[in-house]
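Report on the following structure.
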Amino acid sequence: MNQTPIYNKEAFLQIVQDRRAIRTYDENVKISQEEMSEILTAATKAPSSVNLQPWRFVVIESPEAKAKLAPLAKFNQQQVKTSSAVIAVFADMNNLDYLEEIYSKAVEHGLMPQEVKDQQVPSIRNLLSAITEQANRETILIDSGLVSMQLMLTAKAYGYDTCPIGGYEKDQIAEAFDLDKDRYVPVMLISIGKAVDTGYKSYRMPVEQITEWK
């Protein structure tokens with residue numbers, strides 16, 4: 001049975017406090033595609049620049065897919081081997097291709113007036129068509145970082161543990177899973193499953209040290 005997401009402040013803060021990077025998981029625990037889809041759906045409520053939602057996911061769960069990933073994540077073999085899945089998060093350089101679809105669906109579902117869509121779509125298209133490739137890359141990486149953090153918090157709310165992984169062969173990961181490497185920019189890998197230990201607590205610098213009030 002799926003766990004009901006928790007919305008009160010105390011429970012959410014507990015989720016944040018309890019989330020730790022887990023490297024060893026219970027290999028007997030599998031996450032169904034239905035439940036994984038629920039987790040990903042909740043994660044995609046994250047904000048993105050002009051709502052273009054540039055994130056894309058590859059859920060690596062089969063033994064064959066994990067075997068393909070393993071040599072690309074040499075220093076994270078334990079997560080790859082024991083997790084229920086490893087989610088590869090990518091950012092789509094062609095995010096502008098979905099502008100019309102996203103805004104048309106917003107109108108169709110009563111989330112945006114037609115006149116607002118008619119005004120915003122050409123303005124956004126003109127604006128983003130003029131920016132540099134580097135500027136686009138920076139924007140979609142920020143957006144995909146937001147969805148990644150939301151994914152990890154959502155997983156924790158469902159009773160699962162995660163670990164963000166940055167150490168892997170980023171120049172090979174897209175093609176390994178049949179994606180266009182020039183279009184899909186690797187963001188991170190996220191292992192997910194049931195922890196077999198509590199992981200390690202880590203020190204956080206005090207807010208007073210990292211914040212200025214003006």
Atom [atom1] in [X], atom [atom2] in [Y]: separation rounded to 0.5 Å?
| X | Y | atom1 | atom2 | answer |
| --- | --- | --- | --- | --- |
| Ile165 | Phe75 | CD1 | CZ | 13.0 Å |
| Arg23 | Asn76 | CZ | CG | 7.5 Å |
| Ile15 | Thr154 | CD1 | OG1 | 8.5 Å |
| Leu127 | Ser49 | CG | OG | 8.0 Å |
| Trp55 | Leu141 | CH2 | CG | 13.0 Å |
| Ile192 | Ile39 | CD1 | CD1 | 4.5 Å |

So [Y] and [X], do their side chains get closer than 4.5 Å, heavy atoms only?
| X | Y | result |
| --- | --- | --- |
| Leu69 | Val86 | yes |
| Glu34 | Glu38 | yes |
| Arg19 | Leu153 | yes |
| Val89 | Phe57 | yes |
| Asp182 | Met93 | no |
| Lys66 | Ser83 | yes |
| Arg56 | Leu179 | no |
| Tyr103 | Val50 | yes |

Do [X] and [Y] share a hydrophobic cluster (ILVMFWY, side-chain heavy atoms under 4.5 Å, transitive)?
| X | Y | answer |
| --- | --- | --- |
| Tyr160 | Ile87 | yes |
| Met112 | Leu96 | yes |
| Ile131 | Ile140 | no |
| Val147 | Phe12 | yes |
| Leu151 | Val29 | yes |

Say whether, by atom type as modelled, one donor and one acceptor occur between the side chain of Gln53 and the main chain of Asn51 under 3.5 angstrom.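 Between the backbone of Asn51 and the side chain of Gln53 there is a qualifying donor-acceptor contact (under 3.5 Å).
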
Looking only at atom types and distance, does a side-chain atom of Gln77 sit under 3.5 Å from a main-chain N or O of Ala70, one as donor and one as acceptor?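 Yes; at least one donor-acceptor contact below 3.5 Å.
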
Hey, are [Y] and [X] close enough side-chain-wise for a donor-acceptor pair under 3.5 Å?
| X | Y | result |
| --- | --- | --- |
| Thr82 | Gln78 | no |
| Glu10 | Gln14 | no |
| Asn136 | Gln134 | no |

Please name the pair of heavy atoms, one in [X] and one in [Y], separated by the smallest distance, quoted to 0.1 Å.
| X | Y | result |
| --- | --- | --- |
| Gln79 | Cys163 | NE2-SG, 3.9 Å |
| Ile31 | Glu61 | O-OE1, 4.1 Å |
| Ala88 | Ile60 | CB-CD1, 4.2 Å |
| Ser191 | Ile22 | OG-O, 4.0 Å |
| Ser84 | Gly193 | OG-CA, 3.6 Å |
| Val187 | Ala91 | CG2-N, 3.7 Å |

Determine which pairs satisfy side-chain hydrogen bond (donor to acceptor under 3.5 Å, both in side chains) with at least one residue from residues 118-132, sequence neighbours left out, and list them in order.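 For residues 118-132: Gln114-Asp118.
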
Any residue meeting salt bridge (Lys or Arg N to Asp or Glu O under 4.0 Å) with Glu212, in chain and number order, not counting sequence neighbours: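 Checked Glu212 against salt bridge (Lys or Arg N to Asp or Glu O under 4.0 Å); matches are Lys214.
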
Can you list the residues that meet the salt bridge (Lys or Arg N to Asp or Glu O under 4.0 Å) rule with Glu101, with sequence neighbours excluded?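 Testing Glu101 for salt bridge (Lys or Arg N to Asp or Glu O under 4.0 Å), a comparison that skips the adjacent residues, returns none.
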
Quick one: side chains of residues 168-178, donor-acceptor pairs under 3.5 Å with protein atoms, not counting sequence neighbours, listed by atom name and distance.
unit_1	atom_1	unit_2	atom_2	d
Tyr168	OH	Met188	N	3.3
Lys170	NZ	Gly166	O	2.3

Report, as yes or no, whether the 6.0 Å neighbourhood of atom [atom1] on [X] holds more than 12 heavy atoms from other residues, nucleotides or ligands.
| X | atom1 | value |
| --- | --- | --- |
| Lys117 | NZ | yes |
| Lys30 | NZ | yes |
| Gln17 | CD | no |
| Glu133 | CD | no |

Going by the rule side chain to side chain contact (heavy atoms under 4.5 Å, CB included), which residues pair with Thr41 if we only count those two or more places apart in sequence or in a different chain?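 So Thr41 forms no side chain to side chain contact (heavy atoms under 4.5 Å, CB included) with any residue.
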
SB check Lys194 Asp161 (cutoff 4.0 Å):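 No, no charged N to carboxylate O under 4.0 Å.
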
Not counting sequence neighbours, which residues clear side-chain hydrogen bond (donor to acceptor under 3.5 Å, both in side chains) with Asn95? List them please.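 Result, side-chain hydrogen bond (donor to acceptor under 3.5 Å, both in side chains) vs Asn95: none returned.
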
